[in-house]
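Numbering of residues begins at 1 and proceeds along the displayed sequence.
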Amino acid sequence: MTASSPTTRVLVGGSGNADVALSLTSASPIERWLPSAGLAAALLICLAFPYVGIALTPGPFLIAAIALGLPHGAADGVILLRQLRWRARLARISGYLTLMVLAAVALVRHPEITLIGFLMLSWWHFGAADARGLSNDRIPAWYKGSWGFGRGGLAIATPFAVDPIAAWAPFTRLAELLGTPATLEMTWVGPAGTAATGAALLSLSLSAAVPATARPRAFEWIETGLILMIGLLADPLFAVGSYFLLVHGFRQSALLGSELMASRAASLTDRLIAVHRAALPLLIPSWLGWALLTQWSKPTDALDLAILSLAIYIIATPPHHLFHELSH
């Protein structure tokens, strides 16, 4: 890497031996524009064919459970174990599983608090990933944080600002399916969503304080506008699921594929295949857990099945996020 093309050092298994660009600086046009194209198509379907859009509401989360979404997190397994002695491997695996167990217990015992914590953690996780992935090398560090706060906030908070009842409904239904119905009064969800969306927009607007040559590129602003629009106009579960699948899942899978193959020269297809192959040791148990939840809770339709997949993300996101924050 040249001095003009900085990289983020990835601590792979604690060895720090792989220097692979984790931003979109050298990304291909398809990596830059495919998320925007997907979001635009999803938004068009919702606006032009509303009944089709309603029928497709569970689609993004169902697809994400099979490809890009859940797999990019499940690929942690390979990185957790790479180039570590068995004691270090055991310590990392134990810590990872402990966090998963704690999240599962918290979901069952205190569903509302756990779900609120999950939303806040998702905001942080999505924003941190988007900030690390910015394509302009000249963006100052402080604005990367501001950009991440804004992007994560738009993805998570906008649906709650527009339709708080519909946005919270999947979590209410999840609690019912798990046999722990919600008891907290949630009248604050709408005002909180509005305030959070406003804070996210304000955070993004701080780009005015940055020289034009050190701001995010056009495709990143277009993508951000589409994230806001789909959050405003689509069903909340569909909106968040579309961001998770098309933006976060796709981008992180492509970048993680570069890390696994130690090369950005590998084709996008090869990198995505590498991620999904590496994910299988954790992905298969996750699918089995999802299947067991399905047998136990008896979902009535595809929407219930997608909502049940949220339980897997709630359990897996804390260790996944912590691991990546400590690794980057």
### Task
Please determine which of Arg32, Arg217, Arg151 meets the salt bridge (charged side-chain N to carboxylate O under 4.0 Å, His left out) test together with Glu223.
Arg151

### Task
Would you check if Trp290 and Leu305 make a side-chain contact, meaning some heavy-atom pair closer than 4.5 Å?
yes

### Message
Do Asp235 and Cys46 make a side-chain contact, defined as non-hydrogen atoms from C-beta onward lying under 4.5 Å apart?
### Response
no

### Task
May I ask you to test the Thr224-Asp130 pair for a side-chain heavy-atom distance under 4.5 Å?
no

### Message
With a 3.5 Å distance limit and no angle check, can you tell me whether Arg251 reaches the backbone of Glu31 through a side-chain donor-acceptor pair?
### Response
yes

### Inter-residue atom distance Met120.CE - Ile156.CD1, 0.5 Å rounding
11.5 Å

### Task
Of all the heavy-atom pairs spanning Val275 and Pro71, show the shortest one and how long it is.
CG1-O, 4.2 Å

### Joint cluster assignment, Ile54 & Ile307, ILVMFWY side-chain distance < 4.5 Å
no

### Query
Ignoring hydrogens and geometry, is there a side-chain-to-backbone donor-acceptor pair from His276 to Leu68 under 3.5 Å?
yes

### Task
Return yes when atom CD1 of Ile165 has more than 12 non-hydrogen atoms of other residues, nucleotides or ligands closer than 6.0 Å, and no otherwise.
no

### Query
Would Trp168 and Leu119 count as a side chain to side chain contact (heavy atoms under 4.5 Å, CB included) if you check the C-alpha gap in whole Å, the side-chain angles of each, and the deciding distance to 0.1 Å?
CA-CA 11 Å; Trp168 189 254; Leu119 289 171; 4.0 Å; yes

### Task
Check step by step if side chain to side chain contact (heavy atoms under 4.5 Å, CB included) holds for Leu308 and Asp304.
CA-CA 6 Å; Leu308 274 176; Asp304 276 355; 5.7 Å; no

### Nearest-0.5 Å distance that lies between atom OG1 in Thr158 and atom CE in Met229
11.0 Å

### Query
With the 4.5 Å side-chain cut-off for hydrophobic clustering, are Val101 and Leu115 part of the same group?
no

### Task
Report the residue from Phe118, Phe171, Phe244, Phe126 that forms a ring pair (Phe, Tyr, Trp, His ring centres under 6.0 Å) with Tyr313.
Phe244

### Task
With the side chain counted from C-beta on, respond yes when Ser242 and Leu39 share a heavy-atom pair under 4.5 Å apart, and no when they do not.
yes

### For Trp287 against Ala65, the heavy-atom pair lying closest together
NE1-O, 2.8 Å

### Query
Is a donor on one side and an acceptor on the other found under 3.5 Å between the side chain of Ser146 and the backbone of Ser203?
yes

### Summary
Value for CG (Leu288) from OG1 (Thr294), rounded to nearest 0.5 Å, stands at 11.0 Å

### Query
With hydrophobic residues grouped by side-chain heavy-atom distances under 4.5 Å, do Ile230 and Phe49 end up in a single group?
yes

### Task
Mark yes or no for whether Trp147, through its side chain, and Arg215, through its backbone, hold a donor-acceptor pair below 3.5 Å.
no

### Query
Hey, are the side chains of Val240 and Phe160 touching, using non-hydrogen atoms and a 4.5 Å cut-off?
no

### Task
Check whether any side-chain heavy atom of Phe250 sits under 4.5 Å from a side-chain heavy atom of His72, and report yes or no.
no

### Query
Between Ala316 and Tyr96, which heavy-atom pair has the shortest distance, and what is it?
O-OH, 4.5 Å

#### Entry: From CG (Leu102) to CZ (Arg109), nearest 0.5 Å
12.5 Å

### Query
Would you say Ile30 has more than 12 foreign heavy atoms packed within less than 6.0 Å of its CD1?
no

### Task
List the steps and the verdict of side chain to side chain contact (heavy atoms under 4.5 Å, CB included) for Leu178 and Trp296.
CA-CA 8 Å; Leu178 295 177; Trp296 178 61; 4.1 Å; yes

### Query
Are Val52 and Leu62 co-members of a hydrophobic cluster defined by side-chain heavy atoms under 4.5 Å apart?
yes

### Query
Does Val210 reach the side chain of Pro140, with side-chain heavy atoms less than 4.5 Å apart?
yes

### Message
According to a hydrophobic-cluster definition based on side-chain heavy atoms being under 4.5 Å apart (Ile, Leu, Val, Met, Phe, Trp, Tyr only), do Leu204 and Trp124 belong together?
### Response
no

### Task
Locate the shortest heavy-atom distance separating Leu177 from Pro299; write the atom from each residue and the value.
CD2-CA, 4.4 Å

### Query
About how many Å separate CD1 of Ile314 and OG of Ser309, when rounded to the nearest 0.5 Å?
9.5 Å

### Task
Look up atom CD1 in Ile273 and atom CG in Leu268, then write down how far apart they are to the nearest 0.5 Å.
9.5 Å

### Ile312 vs Leu293, side chain to side chain contact (heavy atoms under 4.5 Å, CB included): CA-CA, chis, key distance, verdict
CA-CA 10 Å; Ile312 305 300; Leu293 276 177; 4.2 Å; yes

### For Leu303 against Pro58, the heavy-atom pair lying closest together
CA-CB, 3.8 Å

### Query
If every non-hydrogen atom of Arg271 is compared with every non-hydrogen atom of Ala254, which pair is closest and at what distance?
NH1-O, 3.1 Å

